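Model, not experiment: these values are computed from the prediction.
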Amino acid sequence: MARDKIYLEEEFPSPLLQLWHNFKVTPVVMIGFSCFIFLTILALFAPFITPYTSVENHLDFLLLPPAWHEDGNVSFLLGTDNLGRDMLSRLMHGTSLTFGLSFVVVLISLGIGVVIGSVSALTSGIKSSFLNHFLDVILSIPSLLLAIVIVAILGPGLSNTLWAIIIVLIPQFVHITRNVVTQEFRKDYVLASRLDGASSFRILYHSVFPNILEKLISQATLAQSAAILDIAALGFLGLGAQIPMAEWGAMLKNGIDLFYIAPWTVYLPGLAILFAVVATNLVGEGMRHALKISKEA
Amino acid sequence: MLIFTLRRLNLFIFTMFLLTLLSFSLSFLFPGEQLINISGQVNATPKQLMVLAEQYQTDNNIAQQYIAYISHLFQGDLGISMASQLSISNEIMSFLPATIELTLVALFIAMIFGIPIGFIAAIKHRKATDNIILTVSMLGYSIPVFWLGLLAILVFSIQLGWLPSAGQLSLVFEIEHVTGIQFIDILLSDSPYKWQAFQDASAHIFLPACVIALAPATIFVRLARTAMMDVLDSQYIRAAKAKGLSFRQIIYHHAIRNAMVHVIRDVGLQFANLVTIAMVTEVIFSWPGIGRWLIESIFQRDHTSIQGGLLALSSFIFIVHIVIDFIYAALNPLARESRNGA
């Protein structure tokens, strides 16, 4: 038997890899993670795999119940809504609107938040104290209320909603980046590279970022579940995605009037939102748990 | 305590400054003319506009405009609604109490259920009970509140018919509007059907309050669980065990009190979240609160109302935040001054 490694070598996985090792231990978390991957794939490829487009009307099949019902039709697996649009196709298209866009929104605000947060961590004095107070105030205003006000300025519509949610999510990323960067900068390895003559920016980019990435990702998953709920809530209130769009919250709103005669038009979008949020939260929880384990170890 | 109070006061003034600045700048950001946005006088004649311009000092620089706006605020003048031409401060006075009532009842429900369940989870740490509680709480804060509200109406109001689905009080009862908080108004009124009205109001508030309470309750479960686990891990609990106290004694006399203090600190932070949920729930349950009024104002492009509503709602949240901070400081000497231990 050939041994690849003759010497006993100690391995030091990168922080992200370490996180993954701790992350994949819990089975429930892995289920959540698979659901998350499934939703991501669905969000990317929904337009190619849905049986119908999201706005295609089938006027002979209005308010058809799901296929397992005795009046159901197997060509419309999850039934149709009041305009004869296939629920399954709409839900799948909705994945890219509600889930996919929430992902994009979080990425953008993460980027902006990290930049502002690290700049503010490197400055001190009145400027940073003002920023701290300012962030506290912004964080104390409910996120949805702030989003609603921003939508009121920009006017209703999906793209405006997204901008609003990006702005609303930025403060928490600034806050966490600021805290963790300040923490890391007190550590010895930063001092070591500073003694080597590295500039603050270089330290930040090469030494600190790889070490705080995991915390940022964990915060980002939590932010994403909030973003999904906010996009859906604004859609439900009629401020977000407008009428023909298959956004889950807007679909739910569309179904309210039919709640009693066609309950599936309300159940299904709600379940879809619940599924997406639970999957995201599971990933976030697993991430936090893994962070805790690697901290204790 | 004095330093603590001064620091909070400082924070309060700073926050109010920022909030008024935000609401003042909204009048520029909203589409349309700034003077009309800030005053709400849509149908003003040119002559009235001249007077308004004088009042709000639109010809002067921005700082003076802001000071003019603040002085209007101090007189309780938030302008008039662009949609209904009613005074906004009166509107807020009639809608805000309903929201205060609903959110406080919901907060109460969330706390009396969430905190004990969290304690139980911590005591049964890593057992089946703990896992079940954690799973349910995960579901609880993942449910979109508008969906939950609709399901609650379908099940409890339509199918079972136990509870009313909309409004604050049945129209049969004539209760004078004194404070706006329904329960106090009912108790103050001299109606012969006081008790029936009270029951009816309780039935109306129960369903929306429970819907609002679910998500914060699950967060309290988690907070209480973490706090209790920290406390049970601490040295003084070990000392109490070494002295031979029974588990029950330790929990009731030492652990619960110390864990409660930590939970209460975070209640203030959760309150903002709770108000957000309440705004959506008010729309579903047709609750005559400020959240529903604010969302209607957006549809009507009523910019003056949005400014006023934002200011009122965020001040309310912030005041609750500070009150809870004070309760926390009163309960926990460590938070007041660092010399008290640590």
Side-chain angles (χ1 to χ4, degrees), chain A residues 28 32 98 129-130 133-134 136-156 225-226 228-239 248-249 252-253 255-256 259-260 263 266-282 284-285, chain B residues 10-11 14-19 22-23 25-26 28-31 131 134-135 138-139 141-148 150-151 153-154 158-159 215 268-269 271-280 283-284 291 294-295 297-299 301-303 305-307 309-310 313-314 317-318 320-321:
Chain A
V28 188
T98 310
S129 152
F130 180 82
H133 269 43
F134 184 73
D136 280 350
V137 174
I138 297 286
L139 284 172
S140 75
I141 302 176
S143 68
L144 192 65
L145 178 60
L146 205 59
I148 284 176
V149 170
I150 297 170
V151 169
I153 297 171
L154 300 170
S225 72
I228 296 173
L229 286 176
D230 280 355
I231 292 178
L234 287 170
F236 175 76
L237 294 173
L239 300 169
W248 290 337
L252 229 165
K253 177 183 187 252
I256 294 184
F259 197 179
Y260 209 56
V266 171
Y267 288 142
L268 294 174
L271 278 177
I273 301 172
L274 183 63
F275 178 71
V277 178
V278 167
T280 320
N281 274 338
L282 272 176
E285 282 300 313
Chain B
N10 182 15
L11 183 66
F14 183 79
T15 311
M16 287 326 275
F17 166 70
L18 274 185
L19 282 178
L22 180 70
S23 111
S25 47
L26 280 182
F28 293 94
L29 293 171
F30 282 135
N131 289 335
L134 277 187
T135 316
M138 153 85 77
L139 276 178
Y141 68 77
S142 302
I143 291 184
V145 63
F146 40 92
W147 192 57
L148 182 71
L150 289 173
L151 291 188
I153 290 180
L154 182 77
I158 299 177
Q159 287 180 348
L269 287 176
F271 193 71
N273 186 14
L274 193 143
V275 172
T276 313
I277 298 171
M279 286 176 62
V280 180
V283 176
I284 298 168
L294 205 59
I295 288 166
S297 308
I298 292 178
F299 287 120
R301 304 279 159 105
D302 187 348
H303 301 145
S305 298
I306 299 173
Q307 281 172 51
L310 173 75
L313 206 52
S314 24
I317 291 167
F318 204 70
V320 171
H321 201 132

> For the residue pair A:G270 and B:P144, what are the closest heavy atoms and their distance?
Replying inline: O-CG, 4.3 Å

> Which heavy atom in B:L139 sits nearest to a heavy atom in A:L274, and how many Å separate them?
Replying inline: O-CD1, 4.3 Å

> A:L282 versus chain B, heavy atoms under 4.5 Å apart: side chain, backbone, both or neither?
Replying inline: both

> For A:Y267, is it the side chain, the backbone, both or neither that has a heavy atom under 4.5 Å from a heavy atom of chain B?
Replying inline: both

> So which part of B:L313 gets closer than 4.5 Å to some heavy atom of chain A, the side chain, the backbone, both or neither?
Replying inline: side chain

>> Under the criterion side chain to side chain contact (heavy atoms under 4.5 Å, CB included), I'd like the reasoning laid out for A:V28 against B:T135: C-alpha separation, chi angles, the key distance, then a yes or no.
In response: CA-CA 10 Å; A:V28 188; B:T135 316; over 6 Å; no

> Non-hydrogen atoms of chain A under 4.5 Å away: do they reach the side chain of B:I143, the backbone, both or neither?
Replying inline: both

> Considering only heavy atoms, which portion of B:I295 lies under 4.5 Å from any heavy atom of chain A: side chain, backbone, both, or neither?
Replying inline: side chain

>> Could you check whether any side-chain heavy atom of B:I298 comes within less than 4.5 Å of a side-chain heavy atom of A:I148, counting everything from C-beta outward?
In response: yes

> Using non-hydrogen atoms only, which part of B:L29 is less than 4.5 Å away from chain A: side chain, backbone, both, or neither?
Replying inline: both

> So do the side chains of A:I153 and B:F28 get within less than 4.5 Å of each other, counting heavy atoms only?
Replying inline: no

> Nearest 0.5 Å, what's the CD1-CD1 distance between A:I256 and B:I153?
Replying inline: 8.5 Å

> Just by distance, do the side chain of B:W147 and the backbone of A:G249 share a donor-acceptor pair under 3.5 Å?
Replying inline: no

> For the atom pair OG (B:S142) and CD1 (A:I228), what is the distance rounded to the nearest 0.5 Å?
Replying inline: 9.5 Å

>> Measuring from atom CG of B:L154 to atom CZ of A:F259, what distance do you get when rounded to the nearest 0.5 angstrom?
In response: 4.0 Å

> Non-hydrogen atoms of chain A under 4.5 Å away: do they reach the side chain of B:I277, the backbone, both or neither?
Replying inline: neither

>> To the nearest 0.5 Å, what is the distance between OG on B:S314 and CG on A:L146?
In response: 9.0 Å

> Who wins among A:V151, A:L229, A:L154 for the most heavy-atom pairs under 4.5 Å with chain B?
Replying inline: A:L229

> Which atoms of B:I284 come close to chain A, meaning under 4.5 Å heavy atom to heavy atom: side chain ones, backbone ones, both, or neither?
Replying inline: side chain

> What part of B:Y141 gets closer than 4.5 Å to chain A, counting heavy atoms only: side chain, backbone, both or neither?
Replying inline: both

